[in-house]
Amino acid sequence: MNLVQEMKARLARALTEAAASARAAGEIVYDQLPTFVLEVPREKHRGDFAANLAFLLAKEARMSPRQLAEIILRYLERPIPGVAKVEVAGPGFINFTLDGQWALPVLPAVLAEDEYYGWSDIGRGEKVQVEFVSANPTGLLHMGHARGAALGDTIANLLAATGFEVTREFYINDAGNQIENFALSLEARYLQALGIEAQVPEEGYHGYDLIDTVHRFIDQVGDKYLDADPALRREMLVRFALEEKLTAIRETLEDFGVYFDVWFSEQSLHDRGEVARTLNDLKERGYLYEKDGALWFKATLLGEEKDEVVVRQNGLPTYFAADIAYHRNKFERGFSRIINIWGADHHGHVARLKGAMAALGYDADRLEIVLMQLVRLFKGGELLRMSKRTGQYVTLEELLEEVGRDAARYFFVMIKPDSHLDFDLDLARSQTAENPVYYVQYAHARICSILRLARERGLEVPSPQEVDLRCLGHPAELELVKKIAELPETVIGAARGLEPHRLTRYAQELAALFHNFYTNCRVLADEENLRGARLILATATRITLRNVLRLLGVSAPERM
RNA sequence: GCGUCCGUAGCUCAGGCGGAUAGAGCAGCGGUUUCCUAAACCGCGUGUCGGGGGUUCGAGUCCCUCCGGGCGCACCA
């Protein structure tokens, strides 16, 4: 349990006992004590924690919250260690003001836990899978994939940091219609490259990257497939292109700091007969029927608006059919939580996929879908239009060249997934204070600089046992200590809600408090004990900042 | 039309399970450095939380409705 949790638990216990004493003394009545919360008031002057217990008791006790709060306060046993003041405030809040130094014990803990400070084990080793990006291997990665990559990877980091056993997975859509179109497009480019009139189909892939791919194919095999069986020709082209595209995707993602544990092929589901087996099971369970020569899934049986085709008239299964088989496969692999990061344009797919899982007898609540709204790129105040059709879009690779990995990752998770993201390229690439990434990284570099200077002067960071930390009494110091102590709960909250943007906010708050401390307090003070304590505080801040940045996949530079 | 997400300061956005007088950053204005990185710090905000209704001790937060915008509503994925 971390420091903040301990304090909350202590206060909650004290209040519970006070209420019980008051009831025993006949001053208040209640059947069962309602579950109340201890929250951090928005305004600092109201104290460190506020309890809403009196409001919740008011109805049953038939007394005003204010009165109740005063009675409970009378029965509250004091002193409570670490608490400086308790008072009734406003319409009936019980406010606790802590001893300003209550959080100091976090400092030795941070130094001891070092790269694991902020980590916890609330996941208890449960197996979680996070599937994200899963871009079609027919092209390059665009901004939607980039946001998904940053979000998915950070969520995976958060889950790992809170004690889950995480698998990162990329689903390769290497089967179906689009591969057919891909093949035809490649074939057209191949024939064109060999001087033969051919056209990329209307629904095909018009990007110029395919021309390059085909040229490399020709470098290897020449015109060998010019007169070959078109089916064989297309197969060879697809095999070559997929390999090349996937390699490019993997390399770009690695440049972005994203590494997958599993690359899962859709085609393999078909090859192993899992799609057929899944359809068969759905049929046995009465969820399939035939109409117009196609096979339909009875989504309406599960509250959906309309049924869905799973096998087309031409006998080929749809993407949906493969997706059902895929997600069943995930369940069969023993994950207790299955998390998908999807673009909002797929939201219509959520309910029917969950429905299909329920139809197969799985608990659909264990399948969690994080929907993220789409990304718009701005440059020079102008919206950059993107069109896959014409092959005109900014790729992740180009973005990384332009703004770098740190800014890109930070910007993509800075805003909650539900909101549209207006990505300002000029801001992200600017190396000024306007750019939040630099602000946070600068705080880290600044600390490193102090620690470097200390070393040069032969001043080592002392071990916390050798120093009396109670000399840290300046408000700037104590605010910084309190913020450091919040990290574990921030990480838990962000992991629980699958909300990485809480991390960037925390990072900015922490950096701001450090900068404030830096301006007000000289770390390398003359007095030895004070200097030691401040070196410890600076080190703890450095560790905390670095750990948050690590969760975000952003570097923590030692110099800037 | 149906579903879904969004609408909070000039701009970009936060606002755990409903809590007190709604907060940050940026932009703007004015200050701060003989001293550890000024990529910093400090000060300055009259917001119909899109409108209206409801639930309750209390609503930016929950429910209903309307308005505005994004995205879905294929035998595409």
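Order of the sequence lines sets the chain letters (A, B, ...), proteins ahead of strands, with each chain counted from 1.
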So what's B:rU61 paired with, Watson-Crick or G-U wobble, going by both distances under 3.5 Å? none
From the list B:rA14, B:rC75, B:rA38, which nucleotide is the closest neighbour of the side chain of A:Tyr442? B:rA38
Under-4.0 Å side-chain N/O to phosphate OP1/OP2 contact, A:Tyr439 with B:rC41: yes
At under 4.0 Å between heavy atoms, what does A:Arg66 touch on the DNA or RNA strands: base, sugar-phosphate, or nothing? nothing
Classify the nucleic acid contact of A:His346 as base, sugar-phosphate or nothing, counting any heavy atom under 4.0 Å across all strands shown. base
Distance (rounded to the nearest 0.5 Å) between A:Lys298 NZ and A:Leu282 CG: 11.5 Å
Quick check on B:rC13: is either OP1 or OP2 less than 4.0 Å from any side-chain nitrogen or oxygen of A:His420? no
Checking understanding here: a glycosidic angle within 90° of 0 is syn, the rest anti, so what is B:rG16? syn
Measure from the side-chain heavy atoms of A:Pro41 and tell me the nearest of B:rA20, B:rC17, B:rU37. B:rA20
When you match A:Asn95 and A:His347 each to their closest nucleotide on RNA chain B, which lands nearer the 5' end? A:His347
For residues A:Phe132 and A:Phe170, establish whether the separation of their ring centroids is below 6.0 Å. no
Checking all strands, does A:Ala58 fall into the base, sugar-phosphate, or nothing category for heavy-atom contacts under 4.0 angstrom? nothing
Tell which nucleotide pairs with B:rU56, taking only Watson-Crick or G-U wobble pairs whose two distances are both under 3.5 angstrom. none
A:Asp422 side chain: which of B:rC71, B:rG3, B:rU12 is closest? B:rU12
Within the 6.0 Å centroid threshold, strictly below: A:Phe320 and A:His349: yes
Are OP1 or OP2 of B:rC42 and a side-chain N or O of A:Asn516 less than 4.0 angstrom apart? yes
What is the base-pairing partner of B:rU12, counting Watson-Crick and G-U wobble geometry with both distances under 3.5 Å? B:rA24
Which part of the nucleic acid, if any, lies within reach of A:Ala443 when heavy atoms closer than 4.0 Å are counted: base, sugar-phosphate only, or nothing? nothing
Have a look at A:Leu524 and say if it touches a base, only the backbone sugar-phosphate, or nothing, with a 4.0 Å heavy-atom cut-off. base
Taking the six-membered ring for Trp, are A:Phe423 and A:Phe378 closer than 6.0 Å centroid to centroid? no
Under a plain distance cut-off of 3.5 Å, with no hydrogens placed, do A:Asn177 and A:Glu180 share a side-chain donor-acceptor pair? no
When the ring centroid of A:His515 is compared with that of A:Tyr442, is the distance short of 6.0 Å? yes
Picking from B:rA77, B:rU21, B:rA39, the nucleotide nearest the side-chain atoms of A:Tyr438 would be B:rA39
Under a 3.5 Å cut-off for both distances, is B:rG43 Watson-Crick or wobble paired, and to whom? B:rC29
Nearest-nucleotide pick for A:Phe93, side chain only, options being B:rA20, B:rA38, B:rC41: B:rA20
When you measure from the side chain of A:Asp345, which nucleotide among B:rA40, B:rC71, B:rC13 comes out closest? B:rC71
So what's B:rC2 paired with, Watson-Crick or G-U wobble, going by both distances under 3.5 Å? B:rG72
Counting the atoms with a prime plus P, OP1 and OP2 as sugar-phosphate, which does A:Glu39 contact under 4.0 Å by heavy atoms, base, sugar-phosphate, or nothing? sugar-phosphate
Find the distance A:Tyr518:OH to B:rU33:P and express it as a whole number of Å. 15 Å
For the side chain of A:Asp418, starting at C-beta, report the closest nucleotide among B:rA38, B:rC6, B:rC41. B:rC6
Quick one: which of B:rC36, B:rA77, B:rU37 gets closest to the side chain of A:Thr318? B:rA77
Strictly below 4.0 Å, N to O, side chains only: are A:Glu479 and A:Lys482 in salt-bridge contact? yes
For A:Lys416 and B:rC13, is the shortest distance between a side-chain N/O and OP1 or OP2 below 4.0 Å? no
Describe the nucleic acid contact of A:Glu509 in one word from base, sugar-phosphate, nothing, applying a heavy-atom distance below 4.0 Å. nothing
Between A:Gln178 and A:Asn520, who's closer to the 5' end of RNA chain B by nearest nucleotide? A:Asn520
So CD1 of A:Ile94 and CG of A:Leu11: to nearest 0.5 Å the spacing works out to 10.5 Å
Could you check which nucleotide pairs with B:rG7 in any of the strands shown, counting Watson-Crick or G-U wobble with both distances under 3.5 Å? B:rC67
Please work out if A:Cys521 contacts a base, only the sugar-phosphate, or nothing of the nucleic acid, heavy-atom cut-off 4.0 Å. base
A:Glu558 near the nucleic acid: base, sugar-phosphate alone, or nothing, with a heavy-atom cut-off under 4.0 Å? base
Of B:rC41, B:rG23, B:rA77, the nucleotide closest to the side chain of A:Arg505 is B:rG23
Give the nucleotide from the list B:rG19, B:rA39, B:rC36 with an atom nearest to the side chain of A:Met560. B:rA39
For B:rU37, take OP1 and OP2 only and decide whether either is under 4.0 Å from a side-chain N or O of A:Ser449. yes
Could you check which nucleotide pairs with B:rC17 in any of the strands shown, counting Watson-Crick or G-U wobble with both distances under 3.5 Å? none
May I ask you to evaluate whether A:Ser134 reaches the phosphate of B:rA77, defined as a side-chain N or O under 4.0 Å from OP1 or OP2? no
